Protein chains: 2
Amino acid sequence: MSLCQLSYFVAVAEEAHLSRAALRLNISQPPLTRQIRNLEEELGMQLFERTPLGMRLLPPGAKLLAEAKSILSQVKNIPQLLRASPAPGLALDADNL
Amino acid sequence: MSLCQLSYFVAVAEEAHLSRAALRLNISQPPLTRQIRNLEEELGMQLFERTPLGMRLLPPGAKLLAEAKSILSQVKNIPQLLRASPAPGLALDADNL
DNA sequence: TCAAATTACGGTCGACGTAAGGATC
DNA sequence: GATCCTTACGTCGACCGTAATTTGA
């Protein structure tokens, strides 16, 4: 599992369309197909239902969508977090191991 | 930024030692050095202070450590989360395969 | 001298893109 | 026939490991 895979998954889930998601991600469909499939295999469950009209999110996929967006948002905010307050004034000891 | 990098960072931060972290991760030091450096360059700030005795976590690194552990934990729990309750708020048949 | 991190270099694995192939309306 | 998604195949970049270098107690 990688952050890239999660980004891909979010795009496909939100677009409900593999080709549209590929456009949004600036990649082509084949890698996207493969990554989604890899993710499904790694999790051992189907995340989408393939229909002639596109990709429909299944219940496990819906849960993953929320989780993936949360994780990606957290990762995206890391730079701001680190720049925020390097030394909060309090004794921030790193002795928690 | 990748989850792999975050795992590497956590190991180095907790061990305060690049070689010990490498052992824990079952890799060798050079890739670890490079990944930590890549992470620092990507974030545009130094996370560790290099000393002859090892790697000492700087304040930004300490904040990243907490965040990285949180993210990795969230990712690690994804499988259980997806298996927990397939349809939150929806009453569907569970035998959809 | 010893231990720690870093740099150099070659090999391997994974991801992408183009092209071709079913399936459904 | 058109539009999806998928499979096949070749190429390129990233990561890892071994070996050699550098720095400091």
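Numbered from 1 within each chain, the chains take letters A, B, ... in sequence-line order. From a predicted model like this one, the values you see are computed outputs, not experimental measurements.
- Annotation: side chain of B:L82 is not in contact with side chain of A:E67 (no heavy-atom distance under 4.5 Å).
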Under 3.5 Å, which protein N or O atoms sit close to an N or O of nucleotides 15-18 of chain D? Give each pair with its distance.
{"from": "D:dC16", "atom 1": "OP1", "to": "B:Y8", "atom 2": "OH", "distance (Å)": "2.3"}
{"from": "D:dG17", "atom 1": "OP2", "to": "B:S28", "atom 2": "N", "distance (Å)": "3.0"}
{"from": "D:dG17", "atom 1": "OP2", "to": "B:S28", "atom 2": "OG", "distance (Å)": "3.1"}

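- Taking atom CD of residue A:Q46 and atom C1' of nucleotide D:dC5, one finds them 13 Å apart after rounding to whole Å.
- The distance from atom CE of B:M1 to atom P of D:dA14 is 17 Å, rounded to the nearest whole Å.
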Could you list the donor-acceptor pairs under 3.5 angstrom formed between side-chain atoms of residues 5-13 of chain B and any protein atom two or more places apart in sequence or on another chain?
{"from": "B:Q5", "atom 1": "OE1", "to": "B:S2", "atom 2": "N", "distance (Å)": "3.1"}
{"from": "B:Q5", "atom 1": "NE2", "to": "B:Q35", "atom 2": "OE1", "distance (Å)": "3.3"}
{"from": "B:S7", "atom 1": "OG", "to": "B:L3", "atom 2": "O", "distance (Å)": "3.1"}

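- Atoms CG (B:L39) and C1' (C:dT6) sit 17 Å apart, rounded to a whole Å.
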Please list, one pair per line, the donor and acceptor atoms closer than 3.5 Å that link side chains of residues 20-30 of chain A to other protein atoms, with sequence neighbours excluded.
{"from": "A:R24", "atom 1": "NH1", "to": "A:E14", "atom 2": "OE1", "distance (Å)": "3.3"}
{"from": "A:R24", "atom 1": "NH1", "to": "A:E15", "atom 2": "OE2", "distance (Å)": "3.0"}
{"from": "A:R24", "atom 1": "NH2", "to": "A:E14", "atom 2": "OE1", "distance (Å)": "2.7"}

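- If you take CZ of B:R50 and C1' of C:dT7, they are 14 Å apart, rounded to a whole angstrom.
- When heavy atoms are screened at a 4.0 angstrom cut-off, B:S19 is found touching the sugar-phosphate backbone but no base atom.
- Residue-environment remark: CZ (B:R50) exceeds the threshold of 12 foreign heavy atoms within 6.0 Å.
- Between the B:E40 side chain and the B:F48 main chain, a donor and an acceptor come within less than 3.5 Å of each other.
- Put simply, B:R34 has no side-chain N or O that comes within less than 4.0 Å of OP1 or OP2 on C:dT6.
- Distance, A:I36 CD1 to C:dA15 P: 13 Å, rounded to whole Å.
- Among D:dA25, D:dT6, C:dT6, the nucleotide with an atom closest to any side-chain atom of B:L18 is C:dT6.
- The distance from atom NE2 of A:H17 to atom C1' of D:dC5 is 10 Å, rounded to the nearest whole Å.
- No path of Ile, Leu, Val, Met, Phe, Trp and Tyr side chains, each step under 4.5 Å between heavy atoms, connects B:L58 with B:L65, placing them in separate hydrophobic clusters.
- The nearest whole Å value for the distance from the CZ atom in B:R37 to the C1' atom in C:dA8 is 15 Å.
- Annotation for B:R83 and A:M45: closest pair CG-CE, 3.8 Å, computed over non-hydrogen atoms.
- When the C1' atom of D:dT7 is taken as reference, atom CD of A:E41 falls 13 Å away, rounded to whole Å.
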